[in-house]
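Down below is the structure, laid out as structure tokens.
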Amino acid sequence: MPDAQHPGSSIPEKPALEGLEAKWAEIWEQRGTHRFDRAAALAAGEDAVFSIDTPPPTASGSLHIGHVFSYTHMDLAARFNRMSGKQIFYPMGWDDNGLPTERRVQNYFGVRCDPTLPYIEDYKPPLEGGANSDGSGASSKAADQVPVSRRNFIELCERLTVEDEKQFEALWRDLGLSVDWSLSYRTIGHEAQIAAQRAFLRNLARGEAYQADAPTLWDVTFRTAVAQAELEDKDQPGAYHRVSFASAAGGVDGSGAVEIETTRPELLAACVALVAHPDDERYQALFGTTVTTPLFGVEVPVLAHHLAQKDKGSGIAMICTFGDVTDVVWWRELDLPTRAIIGKDGRLLAEAPAAELFSDAGRAIYAELAGKTVFSAKARTVELLRETGALIGEPKPITHPVKFFEKGDKPLEIVATRQWYISNGARDEALRDRLIEAGRSIDFHPDFMRVRYENWVGGLTGDWLVSRQRFFGVPIPVWYPLDAYGEPLHHEPIVPGETNLPVDPSSDPAPGYTEDQRNQPNGFVGEHDIMDTWATSSLTPQIAGGWGVDDELFHLVFPYSLRSQGQDIIRTWLFSTVLRAELEHGRVPWHNAGISGFIVDPDRKKMSKSKGNVVTPAAMLEEHGSDAVRYWAASSRLGTDASFDPQNPKQMKIGRRLAIKVLNAAKFVLSMPSVEPVETRSSVETPPSVEPAETHLDTVITNPLDIDMLAELSRVVAQATTAYRDYDHARALEVTEQFFWTFCDDYLELVKERAYTGDASSVTALRKAIDVLVRLLAPVIPFASDEVWSWTHSDSVHTAAWPVVDELAFAGGPRGVLPAASAALIGIRRAKTDAKASQKTGVLSATLAGPAIVAEALEDLKAVGRIAELSLIAADEVTVTDIVLDETPVA
RNA sequence: GGGCUCUUAGCUCAGUUGGUUAGAGCGCCACGUUUACACCGUGGAUGUCGGGGGUUCGAAUCCCUCAGGGCCCACCA
């Protein structure tokens with residue numbers, strides 16, 4: 001391994017990409033190339049800071065190609081701005097709390113959490129790595145999992161996530177992310193817990209966080225409430241059951257009955273009303289009357305509400321507490337009683353809340369259904385309805401979308417529970433307007449992504465449910481006093497002081513109480529819920545920036561310059577971060593939001609694990625090289641989906657070819673006889689106006705072709721810089737790459753004969769061009785770039801100054817010498833190709849037609865074409881009008 | 001049902017405020033082993049710019065409309 005101060009300064013015999021990742025990752029770490037220089041930032045002011053709010057990947061998940069894609073986009077911005085003289089604040093976090101970790105720990109170690117169990121010292125879990133050898137699959141079955149205490153469970157979570165995070169970090173280093181690894185954080189870490197609890201307590205103090213006992217979407221597998229942002233529709237088989245209710249008022253058309261259609265007959269015991277549209281003629285006479293439920297014999301009212309749809313089913317619906325979210329709306333707006341029968345385990349409650357209203361037969365029926373799952377209760381109910389004749393016809397099978405927790409595999413139920421909420425604008429128009437306004441003051445890249453944010457804000461149906469009935473997460477930092485009967489006073493929560501954070505109310509006693517008063521009358525009880533993982537992730541700018549802990553740093557980096565993320569988490573991470581910043585700081589958390597597209601397979605389908613079309617990033621980096629993979633990612637603009645065919649990854653080969661070409665071209669240029677060393681301004685500290693080593697370029701570079709090449713390059717510098725400033729890295733790469741290939745294929749060929757002789761103009765121009773090109777390409781191919789840079793510099797290209805037009809100002813504007821010479825060169829090559837001759841075949845004489853400017857490169861054309869006699873006649877287009885090859889075989 | 005987005009060569013994509021004959025890379029074909037590069041070089045062929053209509057001297061580009069793909073949201077009796 002080379003010395004960090006003087007890395008491999010010798011040019012290898014045969015430059016190669018292999019090994020560059022490991023070599024440079026280590027040198028960058030040793031040198032602190034990517035460190036945030038706080039002192040310099042303080043001295044230069046916050047305008048000189050470029051801060052990035054990075055997405056903490058789910059530590060228990062696996063990284064896929066989509067991560068590589070969007071994290072590379074973010075790194076391009078970091079590297080460009082670093083070279084532009086900014087102090088880069090580029091932390092990296094791991095999202096390690098939450099359900100994915102719990103589930104992975106259950107599978108990996110074969111355990112499940114049972115909070116009633118005592119802690120066991122030095123606990124040895126039954127499994128290491130799960131039943132599957134890769135440790136990732138659904139290995140241990142739930143029934144086989146050994147129950148362990150909450151503390152043991154959390155210890156296992158922490159143990160596993162630390163291991164996962166090491167692997168993630170290694171991958172990111174391999175990819176060449178220029179993260180300052182001293183700034184890493186974990187969403188379950190000490191600092192994150194403090195920030196999450198402090199923010200929550202401030203929300204509480206301002207009235208933005210509150211409790212409500214209300215119907216909540218509930219996952220029966222994980223036994224936790226879930227939020228709107230975590231919902232996902234899944235198509236499920238179901239059936240319409242037509243059920244007859246007896247009507248004392250005569251029913252429809254005097255039939256004595258009202259028929260409804262339902263997909264959830266098992267909820268019949270929870271029926272509280274029927275509802276039809278107020279304008280529906282069929283039911284006008286029945287509004288205000290009552291009907292009797294089949295099987296249970298409960299009298300329920302027939303009501304009118306505008307949400308009822310005339311054309312759906314029979315036009316009249318059964319309202320149950322609670323079959324779906326529309327039921328909740330009706331229940332609330334029609335002021336109906338609560339007779340919920342589904343428990344938190346997804347089974348019918350042992351005691352029905354309305355049992356006293358049931359008929360005797362109804363009570364017997366319910367006794368049979370109690371304890372059954374929704375699935376078996378439904379089957380039995382249908383049998384009973386059929387036996388009693390209340391089922392009209394046979395159930396009609398349908399497929400319909402049903403709400404699921406995005407990580408769950410059973411339909412959500414609606415259960416009335418006490419939960420914590422944070423205002424998000426759903427019920428507060430003023431806040432919603434502020435959030436929309438906040439979105440408008442962020443520059444989205446591309447701009448249309450803002451619409452997704454606005455749609456989400458505008459479509460919110462309820463406040464943010466932040467409490468989760470889980471174990472591995474940041475505890476909600478409150479306790480409740482118990483009255484003389486031992487009943488908790490939920491409306492009088494006890495809160496800790498901010499200086500005492502973090503707290504765990506399930507193990508720390510409430511302030512002013514002692515631990516032996518826990519769960520005692522007149523004592524206290526700790527809140528056992530934890531926060532939604534987004535309640536922590538929404539504070540990544542605050543956590544990474546030292547909010548409330550290190551105000552000097554926080555003011556330096558907040559609001560951040562850039563949030564970079566995928567489009568799939570606009571509704572969760574982006575929205576919630578804007579919300580928390582608005583509530584806490586009254587301002588937006590960042591100036592720019594760069595939104596990456598996602599990866600689609602050749603069939604235009606989104607890559608996902610469930611479809612089995614993912615490729616592991618580590619294997620990809622290994623196979624193609626990191627620069628090649630980065631090139632592929634950099635070729636796609638923000639917001640644009642990129643296709644990737646794992647079976648045929650030819651797209652990676654293009655970047656690989658570019659990186660290899662850079663190594664070889666640089667080596668070739670540097671092998672030319674050196675006339676006068678060209679020292680370039682290479683330190684960010686050097687003021688741009690002082691370039692002593694370069695002032696003589698214009699006296700050395702005198703050949704018109706050389707000057708024109710640099711003039712073209714100057715234009716490329718301007719275009720690439722503008723593109724990077726606009727977060728259009730793909731455009732920057734495109735113009736740079738196009739010039740680079742012209743430089744290699746045409747210019748380098750044209751001047752190499754001249755350069756071999758030590759011609760000062762061409763050699764100096766070549767070196768200058770390589771020097772600029774390597775810097776232009778450094779964000780995209782950082783490994784090859786720094787390798788090349790190290791051959792002539794002692795510092796890193798990544799802390800070198802981004803090229804500026806002033807460096808090449810002496811060249812003036814492009815005059816067209818290079819394009820004209822290229823066209824002439826192509827003509828000469830074509831003549832040789834047409835004659836099936838080698839390119840090194842000599843030419844006795846040739847005539848070029850073309851504009852006069854070609855004359856300025858005539859000597860170079862003669863040299864590269866091995867042309868003895870070359871004449872030029874005037875024409876608009878460059879063509880070869882006459883050519884006589886030397887047929888003498890080359891010795 | 002609403003919103004956003006896309007449709008250009010066999011494939012992946014550029015195409016700026018409307019302006020000559022619509023471009024690149026890959027792939028394909030031919031040629032070439034040249035003292036940077038065989039992980040190579042040189043050259044070549046390849047299009048009804050999704051369909052239709054309109055505005056204009058002029059449309060891949062602007063407008064309308066239709067079709068198709070993708071994503072997000074809503075609906076869930």
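Quick note: numbers below take in every heavy atom, side chains included, and nothing from hydrogens, waters or symmetry partners. Each chain gets a letter, A, B and so on, in the order its sequence line appears, and its residues count up from 1.
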Query - Proximity to RNA chain B (any heavy atom under 4.0 Å), residues of residues 719-735 of chain A only - result: A:Glu734
Query raised in the report: Is A:Lys312 near enough to B:rC75 that one of its side-chain N or O atoms lies under 4.0 angstrom from OP1 or OP2?
Result: no
**Report entry** Distance in angstrom units between A:Arg571 CZ and B:rC72 P, rounded
**Finding:** 8 Å
Report task. Kindly indicate whether the side chain of A:Lys661 and the base of B:rC37 share any N or O donor-acceptor pair separated by less than 3.5 Å? Result -> yes
Report task. Using ring-ring contact (aromatic ring centres under 6.0 Å, His included) as the criterion, point out the one residue from A:Phe598, A:Trp632, A:Phe69 that pairs with A:Phe644. Result -> A:Trp632
Query raised in the report: Do the side-chain N or O atoms of A:Lys653 get closer than 4.0 angstrom to the phosphate oxygens (OP1, OP2) of B:rC40?
Result: no
Query raised in the report: Taking atom C1' in both B:rU8 and B:rU46, what distance in whole Å separates the two?
Result: 14 Å
Which atom pairs link the protein and nucleotides 2-5 of chain B when you take only N or O atoms and keep those under 3.5 Å?
unit_1: B:rG3; atom_1: O2'; unit_2: A:Asn455; atom_2: ND2; d: 3.3

**Report entry** A:Gln228 side chain near B:rA74 phosphate (N/O to OP1/OP2, under 4.0 Å)
**Finding:** yes
Query raised in the report: Under 4.0 angstrom, heavy atoms only, what part of the nucleic acid is A:Asp233 near: base, sugar-phosphate, or nothing?
Result: base
Query raised in the report: Quick check, are the ring centers of A:His277 and A:His306 under 6.0 angstrom apart?
Result: no
Query raised in the report: Can you tell which of B:rA36, B:rU42, B:rC39 lies closest to the side chain of A:Ile660?
Result: B:rC39
**Report entry** Pair of N/O donor and acceptor under 3.5 Å linking B:rC71 base with A:Asp641 side chain
**Finding:** no
Requested in this report: Write down the distance separating the C1' atoms in B:rA74 and B:rC13, rounded off to the nearest Å.
Outcome: 34 Å
Query raised in the report: Counting any heavy atom closer than 4.0 Å, what does A:Gln738 reach on the DNA or RNA strands: base, sugar-phosphate only, or nothing?
Result: nothing
Produce the list of close N/O pairs, under 3.5 Å, pairing protein atoms with atoms of nucleotides 22-29 of chain B; give distances to one decimal.
unit_1: B:rC26; atom_1: OP1; unit_2: A:Arg657; atom_2: NH2; d: 3.2

Query raised in the report: Would one find a side-chain N or O of A:Arg637 under 4.0 angstrom from OP1 or OP2 of B:rA14?
Result: yes
